[in-house]
Structure formats: structure tokens, C-alpha cells
Colleague: 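The structure follows.
What's counted below: heavy atoms across the whole structure, side chains too, no hydrogens, waters or symmetry copies. Labels below follow one simple rule: chain letters A, B, ... track the order of the sequence lines, proteins then strands, and each chain is numbered from 1. What you see is a predicted model, and the numbers here were worked out from it, not measured in a lab.
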Number of protein chains: 2
Amino acid sequence: MAVKLTDRSQKILEAIIEEYIATAQPVGSKALTQNQGIKLSPASVRNVMAELEDLGYLVSPHTSAGRIPTEKGYRFYVDTILRVSEMDSRQQDRIELQYRQQGLQMTDMLREASRTLSSISHYTGLVMIPRLKTTIFRHIEFVKLSPRLILAVFVTQSGLVQNKLVEVDEDLSPRELEKITNYLNQTMTGLSIQDVRTRIITEMAQEKALYDQLMRRAFTLSSAALVDESNGDVIIEGTSRFLEQPEFSDLDCMKRIVQTFEQKSALVELLDRGLETKGVQVIIGSETEHTELSDCSLITAAYSGKRGTLGTLGVIGPNRMPYATIIPIVDYTASLISRLLDTDND
Amino acid sequence: MAVKLTDRSQKILEAIIEEYIATAQPVGSKALTQNQGIKLSPASVRNVMAELEDLGYLVSPHTSAGRIPTEKGYRFYVDTILRVSEMDSRQQDRIELQYRQQGLQMTDMLREASRTLSSISHYTGLVMIPRLKTTIFRHIEFVKLSPRLILAVFVTQSGLVQNKLVEVDEDLSPRELEKITNYLNQTMTGLSIQDVRTRIITEMAQEKALYDQLMRRAFTLSSAALVDESNGDVIIEGTSRFLEQPEFSDLDCMKRIVQTFEQKSALVELLDRGLETKGVQVIIGSETEHTELSDCSLITAAYSGKRGTLGTLGVIGPNRMPYATIIPIVDYTASLISRLLDTDND
DNA sequence: CTTAGCACTCCTTCTCTTTGAGTGCCAAAG
DNA sequence: CTTTGGCACTCAAAGAGAAGGAGTGCTAAG
């Protein structure tokens, strides 16, 4: 896919896309010439537009309407034309203030992030909660609720708290529990959950553990407590923003999208994609590979804690999104969250 | 508002409402006579309908349309005409099975309840999470995360787990923390959070506490941990169901409703109303006293744990809801949840 | 290469008409 | 006194043109 567009063609494509983003109406040649820095006649613009249509960057809904960008058009715009600016520093401060006032709980902060993303972008905010396995073990505590029922409370380095009820076969004395707790906290702190789990498995395989009943129990209990059944959860805020978009005025289409949101699995999959990428990622339309979301675009970025990536966050909206303003918002939010997770809870 | 409707009028009102619930179309006299057990001519039915309109139970959108029920009509229908049946026992079993397979965590169960309510009613499910203060203290645990930061984990009798980060002024040793934990668990178990809090206040007022530093710290810590900032949270499942209702095909109206859902406060208020009521409560249209919800009805019921009411759950949909089928669903779900909360976690 | 001109397309909007469901009322029948 | 058939009336919804207009592609001249 060669990039062989003349400067002028790019300018015009840019203008069309930006006009369409602003108005949601097909853009005609006349509108373009009147608007801005394009000093050409409508006829010349038409020639270029026809060319851009041949190349697949534009389509016209019908002969007597203007042109609208295709996915390929958006993609080219995002990849090649768009120069993202930094965010206004006053706005940065305003956002940061939002979080500073908040409490310290990580999930609350992530929820706030999703809400803020939605409210300043005017689209729908998404935040993926960190997967257990990618986080760092910090502390575990067992609370005996009844002879057979133990509550495991597990805290990650970044401050995520996870509760888990574990049913056990044998009645454990408070003393035993305490020993187990101490042992685990001493040996496992600082490891990633991934590592903790492999370690548990290897240690259990060694004979020594098999003979030490207490150890065996410790491992059984902790491995039960650390099973990551969350499977990725997403905080979605501002679903109602979707109802504001003219492209989703079709109720049926709208319904499918909202249902997809409710199931979350598609969103988890999409946010997962951004986990290993650095910087902001843009997924446009059918790139989502979910038919229900084929008219939606996502702008995502990964956020990280002390050690490595924790999750991703972003904004979802129609293809026709003001990428130029939202990309910096997502970018800034991700780095802000990372910073806050880094400094908190030492 | 005297109930002076003849038997025949009631029958006709019932038929109209049920027809309207089924079709979402204004009901005409002809449709009624053809349909069911009404053996009258259209003309007679018209007379009765005019009478019902005078009484305020029906309105017609315009002269040449049929009639639709007013809120007063629904109210009368629900209060006087409707005889709710028990739920099909096979369906009961099917529902119960859903929960049995689930894990033990209370919030998971409540989420499942909301989801199930939505999927079997085909409307939107609501479940209010228990307020802390109405629940019974069972166990508290403190985990020291850093010198100044303590994680309080707090378990209620019904199995609700609450985490709270508390910042403290003074560095507490693990030994002190343990003492505090033991003290609190011994003295407070079995009391309601409400009682625990008043107790803390009175004890702190007594001199003895003032001189015992440890005690003072225990009280400070626990009172910080037990502050109920949750302010009532609602689990909403199946928002997309609203998009299926023809009465909300107006996007603007739809948007307002979804926004109201997102804010949750209105729903909390409405669910709160059902806290002290026994059995199923029906709130119709403007009875919600929220203009955005003036075309919505709620069917709610309280659920309870070992000791007293914990919260409410229910279904929200358009006024035109099949009350006859949903009321038993809500009723059964509430009692099922109560039963499960009673037997679990002893 | 650019641009003015022009014929052509076809969506959108408006008005006007038609259609039909449903009503209210009256007078006759039960 | 209640019930019913008949009938004129109302009014939303649906359809059919007709007019308007935005936008295009093409051609030929600058």
C-alpha cells in the first residue's frame, strides 16, 4: 500500500475528513472551497476527489451527494496526515485535579478515569481492570469465616484488592493460618502472580512439600486464592453518549452495540490488543473484527504501574471521531494513571 | 377514589390493558370483541370505553385511534384487577439452578440475580447492594500496606466483603494491629454496623478509652473503616432491553433514560422505597417522581438475610409491562436470594 | 493543469389525496 | 333501560407526484 498521494491530495483528504467529522454530512466540493485554506475551484477539487475515491479513501453514498471517508481513509488520516499535539496544560491540570481529590482505592480511581475519559471526550470511556496474573504480589491475608470457609484477601503492588472465598476440606486452626500467611508473605512478595503460581507448582512438585503438611496446605490455599477468574473486566462509562451520535440513530444497530457493551467480552478482547503496544493505538471499524462494532472506532493506550503494563484504557465511538483531540486525551490519561499508580501506596 | 366499577367495566378494562401490553397499539372496540371472552357488540364496548375514559382510566391519542391505559388505569389494574399467580415450579427450579452453579461471593450472586431478572423478564434488572449500615458485623481484618497506610477488610454476616484503605497518623506495629483486630472481633461480632458505630462513639466518650492509647487507636481505625460511603450501589443489567421497547423509539427520550440509569441516584432512591415494604411493590410512571422516568414502571421487592432486610431488587421497564408475569418473577427472585443469603456462609 | 459551463442524477421536501380504523350519536330492537 | 346496527365524522398514516437543490462527471476553453 504505497503512500503516493500528492501534497494537495492529502490536504484535500484531510479537509474532507475533518469537515465530515464536524458535520456528519457528506462533504461536497463546494463546501470545501468555501471553507478554508483550499484555494482551488470546485472543479479541481472534484477531480482530486474522484481520484481519492478511486484509491478507496472516499465513497459517495449516491451520485448527487458529497463524499464520506472510508475506513481506509480514516486509517490513512490517522497514520500519515494527523500530527497529534500535546494536550493543553491547563486542561491537563484540570483533569489531574479530578483524581487528586479522589480517595486512594485503585478501582475507584479507574472508574473515575473511565468517567473522565467519557466526559471530556464526549464519547464512551473504557478502562480495563488489571489482570491478576500481570500484577505483583504484595500481601495476602486469610480470614476464617467458618470451619470450612476461608476468605482470602489479596493485595497487589499497585493497590488492587481482590477477595476470594475458598472452601477447604480440612479445618485449619488460626495458628496454622497465621503461619501460612507469614510464610506466603515472606516468600512471595515482589513476585508477579504468574511467577507465584509457577513457584507454587514447582515447590509442590518437590518432595519436601509433600511431607510437610502445613506447606502443602499453604500451597493449596494460595493457589486457590490466586486463580484469576476475573477474565478481564471493563469499566464502561457514558454509554448514553452513543445515543447522541447521528450515525447510530438506527435503533437496531444501536441495540446491537449496547448489547455488545453489556457482554464486555468483545471490549476485553479489543483492549487486550493494546496491552503490548506502546503509545496510543487506534482501531477503526472492521479492524475490530466484530461485526456489531464495525461502525465503531477505539482509541486506546496502555497504563502501567511500578513494573510493567497493567491494563489499557481508551475511548470508543463512531468511526467519525475527532481523533486529533481524543488521542491526546487518551494518551495523557494513560500516563497520568500510570503516574498515580506509581506514586501511591508505597 | 372509590372502586365503583361494574364487573363488566372491569373485565373490559382488563382486556384493554392486556391487549395493549401485548401489542403496544391503541386498542379499539372491534379488536376487543373479536378477541376473547367479551360477548358484546362493538357499540356497547364503546359506551363502556367512553365511561372508562371519563373516569380517567383510559385516553385516546386522537379521535380516530383506540384507547390506551393511563397511569391511573395501570394502577387500578395492578391494585384491584390483577390476581398474581405463583410461578411455574419448573421455571423456579430452572432459576434456582442458575445460582447453585455460581460461586459463593455475595456480589457475584447479586449480579447474577440482576442478570437473571433481566433475561427472564425481558426487561432491565436492578439489584441494590446492601447498605453497610444495615448489615451485621462479622469480622474485620487490618493489613498494613505501608507505615501510614492500612487496608481494612470487613466482612458482614451475609458475606459481603468491603475493602477500605485508611490513612493513619501514627505508625502501628503489627502487634498492636493484631490486638486491635482481636478486640474488635470479640466485642463487635453480631452487632449491626449501625450499633457498632454508636458503640464506638459512646465508648470513645468514656474516659477510660481516652487514656488507653491502644483502645483509642482501635476506635479511630474502625470508625474510619466502617464509614459507609457507598451510598447505595445498584447493579443494572440489560439496559439494552429498553431499546427494544417501541415506546422509547424516540432517541431523545431514550437518551435521558439511559443517562438516568448511569447516574444511578434516581434508581437508588426508588429502590430504597421498597426497603420497608413487604412483598412486591409496583411504581408506575410519574409515581417515580423523576420526570425522566415518567414513562417507566418499576416492580420491586426487598430481599433479606439472617436478620432483617438487606436491600431491594426488581425490574424496570415501560409502563406497559406484563405485570402479571413479572410480579411473580420478582417475588420469587427476592425470596430465593433471601434464602441463599440465609443458608450460605454460616 | 485549471476552471467555467452544462446536462444529469437522485435524494429530500412539500403538498395533496387517499385510505381506513375508530369514534360518537341516534334510533330501533330486545 | 340496555343493547345493537347504522351512519356521518375525524384524523393519523401512507402514498403519489412535483418541485427544489446539492452535487457530480464531462467537455472544452483559458
Side-chain angles (χ1 to χ4, degrees), chain A residues 4-13 15-20 22-70 73 246-247 249-250, chain B residues 4-13 15-20 22-70 73 246-247 249-250:
Chain A
K4 46 175 178 186
L5 280 191
T6 66
D7 235 37
R8 191 177 66 175
S9 300
Q10 282 201 22
K11 269 255 162 52
I12 289 179
L13 180 56
I16 292 172
I17 291 180
E18 278 164 11
E19 178 74 11
Y20 183 67
T23 63
Q25 298 292 325
V27 182
S29 53
K30 209 172 176 182
L32 268 194
T33 52
Q34 287 172 342
N35 249 5
Q36 319 177 88
I38 288 160
K39 296 170 224 68
L40 286 171
S41 73
S44 307
V45 173
R46 276 205 289 280
N47 286 330
V48 178
M49 283 166 102
E51 186 191 332
L52 287 170
E53 180 162 3
D54 282 344
L55 291 169
Y57 296 116
L58 298 176
V59 273
S60 48
H62 53 83
T63 50
S64 73
R67 304 284 205 314
I68 61 177
T70 60
E247 39 263 86
S249 60
D250 176 28
Chain B
K4 47 176 178 185
L5 281 190
T6 65
D7 234 39
R8 192 177 64 172
S9 300
Q10 282 203 20
K11 268 255 160 54
I12 289 178
L13 180 56
I16 292 171
I17 291 180
E18 279 164 10
E19 179 73 12
Y20 183 66
T23 64
Q25 299 293 325
V27 182
S29 53
K30 209 171 175 183
L32 268 193
T33 53
Q34 287 172 343
N35 247 3
Q36 317 176 84
I38 287 160
K39 295 170 222 67
L40 286 171
S41 73
S44 309
V45 172
R46 276 204 290 278
N47 286 331
V48 178
M49 282 167 105
E51 186 190 333
L52 287 169
E53 181 162 2
D54 283 344
L55 291 169
Y57 295 115
L58 299 175
V59 274
S60 47
H62 56 263
T63 49
S64 73
R67 304 281 205 314
I68 62 177
T70 59
E247 40 263 86
S249 59
D250 177 27

Colleague: How many Å lie between CD1 on Ile68(B) and P on dA12(D), as a whole number?
Modeller: 14 Å
Colleague: Please report the distance, rounded to the nearest Å, between CD in Glu53(A) and P in dC26(D).
Modeller: 11 Å
Colleague: Between Ser64(A) and dG23(D), does any side-chain N or O lie under 4.0 Å from OP1 or OP2?
Modeller: no
Colleague: If you look at every strand shown and take non-hydrogen atoms under 4.0 Å, does Ser29(A) touch a base, only sugar-phosphate, or nothing?
Modeller: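 Sugar-phosphate contact only - Ser29(A) comes under 4.0 Å of backbone atoms but never of a base.
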Colleague: Starting at atom NE2 of His62(A), determine the distance to atom P of dG23(D), rounded to an integer number of angstrom.
Modeller: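 So the two atoms are 10 Å apart, to the nearest Å.
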Colleague: Do other residues, nucleotides or ligands put more than 12 heavy atoms under 6.0 Å from the CG atom of Asp7(A)?
Modeller: no
Colleague: Is Leu58(A) close to Leu13(A) at the side-chain level, that is, under 4.5 Å between some pair of heavy atoms?
Modeller: yes
Colleague: Mind checking whether Pro246(B) and Ser249(B) have side chains closer than 4.5 Å, heavy atoms only?
Modeller: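 Side-chain contact under 4.5 Å: no.
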Colleague: Calculate the interatomic distance between Met49(A) atom CE and dG23(D) atom P; express it in whole Å.
Modeller: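 That distance rounds to 9 Å.
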Colleague: Show the nearest heavy-atom pair for residues Leu5(B) and Gln10(B), with the distance to one decimal.
Modeller: CB-CG, 3.9 Å
Colleague: How is Ala65(A) classified with respect to the nucleic acid when contacts are heavy atoms under 4.0 Å: base, sugar-phosphate, or nothing?
Modeller: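 Ala65(A): backbone/sugar contact only, no base atoms under 4.0 Å.
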Colleague: Would you say the side-chain atoms of Ser60(B) pair up with the backbone N or O of Arg67(B), donor to acceptor, closer than 3.5 Å?
Modeller: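 No; judged by distance alone, with no hydrogens or angles, the pair does not exist.
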Colleague: Taking only the side-chain nitrogens and oxygens of Arg8(B), find out if one of them lies under 4.0 Å from OP1 or OP2 of dT3(D).
Modeller: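 Looking at the OP1 and OP2 atoms of dT3(D), one of them is under 4.0 Å from a side-chain N or O of Arg8(B).
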Colleague: Check for a donor-acceptor pair, side chain of Thr70(A) on one end and backbone N or O of Gly56(A) on the other, with a separation under 3.5 Å.
Modeller: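 Answer holds: yes.
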Colleague: Just the endpoints, please: which first and last nucleotides of DNA chain C, 5' to 3', lie under 4.0 Å from a heavy atom of chain A?
Modeller: dT2(C) to dC11(C)
Colleague: When you check the phosphate oxygens OP1 and OP2 of dT27(D), does a side-chain N or O of Arg46(A) lie under 4.0 Å from one of them?
Modeller: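 False: Arg46(A) side-chain N/O out of range (4.0 Å or more) of dT27(D) OP1/OP2.
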Colleague: Just how far, in rounded Å, is P of dA28(D) from CG of Asn47(A)?
Modeller: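 Distance check: Asn47(A) CG to dA28(D) P gives 15 Å.
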